[in-house]
Amino acid sequence: MFRPSRRALGNAAVAATLALLVLPGGSPAAQPPPAATDPVAEAPEALPDGHGREDTFYRCTACHGTAVIRRSRLSRDRWDELMDWMTERHGMPPLEGDERRLIVDYLAGAFPPQEPRRRGPANPFLTN
């Protein structure tokens, strides 16, 4: 009786999986999962709790995912300047008045500047 080796079975499984991925006709296997930055795949809970979280989420994720927000650590003044920069440079609708204050206050409180982390001893060649 013929018994295929484990390696042959593994190769067959890989080949079958690859065949499903290249089938024409939009097979579900061929559809990539939603991107982590896809605003539809995210929810306000991706941001820290706080007054203004939902307003911030819905205003900001109209253009980019929460990862952009979460990795930014800025002072309140820099967050405020960033709103103007996004309006001027990227065509974001202007953020003004109470809505602007609410969002900038939320961002400054939830994502304040951080001291840079040091790894190991300071580099003696970079000190003055």
Side-chain angles (χ1 to χ4, degrees):
M1 171 191 234
F2 172 74
R3 281 189 160 178
S5 69
R6 285 187 183 180
R7 185 176 191 163
L9 288 173
N11 290 343
V14 169
T17 302
L18 289 173
L20 287 174
L21 291 175
V22 295
L23 284 176
S27 162
Q31 302 301 316
T37 58
D38 180 359
V40 176
E42 294 189 272
E45 292 76 25
L47 299 174
D49 194 22
H51 182 64
R53 174 174 72 177
E54 287 199 13
D55 294 87
T56 301
F57 174 81
Y58 289 110
R59 185 60 119 108
C60 296
T61 60
C63 297
H64 55 74
T66 61
V68 171
I69 302 165
R70 290 181 281 124
R71 72 175 167 246
S72 300
R73 299 291 181 159
L74 305 171
S75 67
R76 188 186 191 293
D77 288 342
R78 293 291 292 136
W79 279 114
D80 194 49
E81 291 170 3
L82 186 60
M83 299 304 135
D84 293 331
W85 180 80
M86 287 187 289
T87 299
E88 294 165 8
R89 183 77 181 232
H90 296 286
M92 178 183 93
L95 188 57
E96 299 170 339
D98 291 339
E99 183 183 25
R100 183 176 181 129
R101 265 186 301 287
L102 176 68
I103 291 173
V104 170
D105 286 346
Y106 170 78
L107 292 169
F111 303 100
Q114 287 184 330
E115 290 294 319
R117 286 191 240 158
R118 291 202 131 167
R119 294 183 184 180
N123 186 334
F125 298 104
L126 297 178
T127 59
N128 292 335

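- By the side-chain contact (heavy atoms from CB on, under 4.5 Å) test, P112 is found to be paired with R73, residues two or more places apart in sequence or in another chain being considered.
- Residues F111 and L47 meet the side-chain proximity criterion, which asks for heavy atoms closer than 4.5 Å.
- The distance from the OG1 atom of T87 to the CG atom of L82 is 9.0 Å, given to the nearest 0.5 Å.
- E81 meets the salt bridge (charged side-chain N to carboxylate O under 4.0 Å, His left out) test with R78; sequence neighbours excluded.
- Residues L107 and T56 form a side-chain contact, since some pair of their non-hydrogen atoms from C-beta on lies under 4.5 Å apart.
- Between A46 and E42, the closest heavy-atom pair is CB-OE2, 4.2 Å.
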Could you go through residues 88-104 and list every donor-acceptor pair under 3.5 Å that involves a side-chain atom there, pairing it with any protein atom two or more places apart or in another chain?
{"from": "D98", "atom 1": "OD1", "to": "R101", "atom 2": "NH2", "distance (Å)": "2.5"}
{"from": "E99", "atom 1": "OE1", "to": "R59", "atom 2": "NH2", "distance (Å)": "3.3"}
{"from": "E99", "atom 1": "OE2", "to": "R59", "atom 2": "NE", "distance (Å)": "3.4"}
{"from": "R100", "atom 1": "NE", "to": "D80", "atom 2": "OD1", "distance (Å)": "2.8"}
{"from": "R100", "atom 1": "NH1", "to": "D84", "atom 2": "OD1", "distance (Å)": "3.1"}
{"from": "R100", "atom 1": "NH1", "to": "L95", "atom 2": "O", "distance (Å)": "3.0"}
{"from": "R100", "atom 1": "NH2", "to": "D80", "atom 2": "O", "distance (Å)": "2.7"}
{"from": "R100", "atom 1": "NH2", "to": "D80", "atom 2": "OD1", "distance (Å)": "3.2"}
{"from": "R100", "atom 1": "NH2", "to": "D84", "atom 2": "OD1", "distance (Å)": "3.0"}
{"from": "R100", "atom 1": "NH2", "to": "D84", "atom 2": "OD2", "distance (Å)": "3.4"}

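- Taking the side chain as every heavy atom from C-beta outward, Y106 and H51 never approach each other to under 4.5 Å.
- Residues P113 and S75 approach most closely at CG-N, 3.6 Å, considering heavy atoms.
- Nearest approach of Y58 to P44, heavy atoms of both residues: OH-CG, 3.7 Å.
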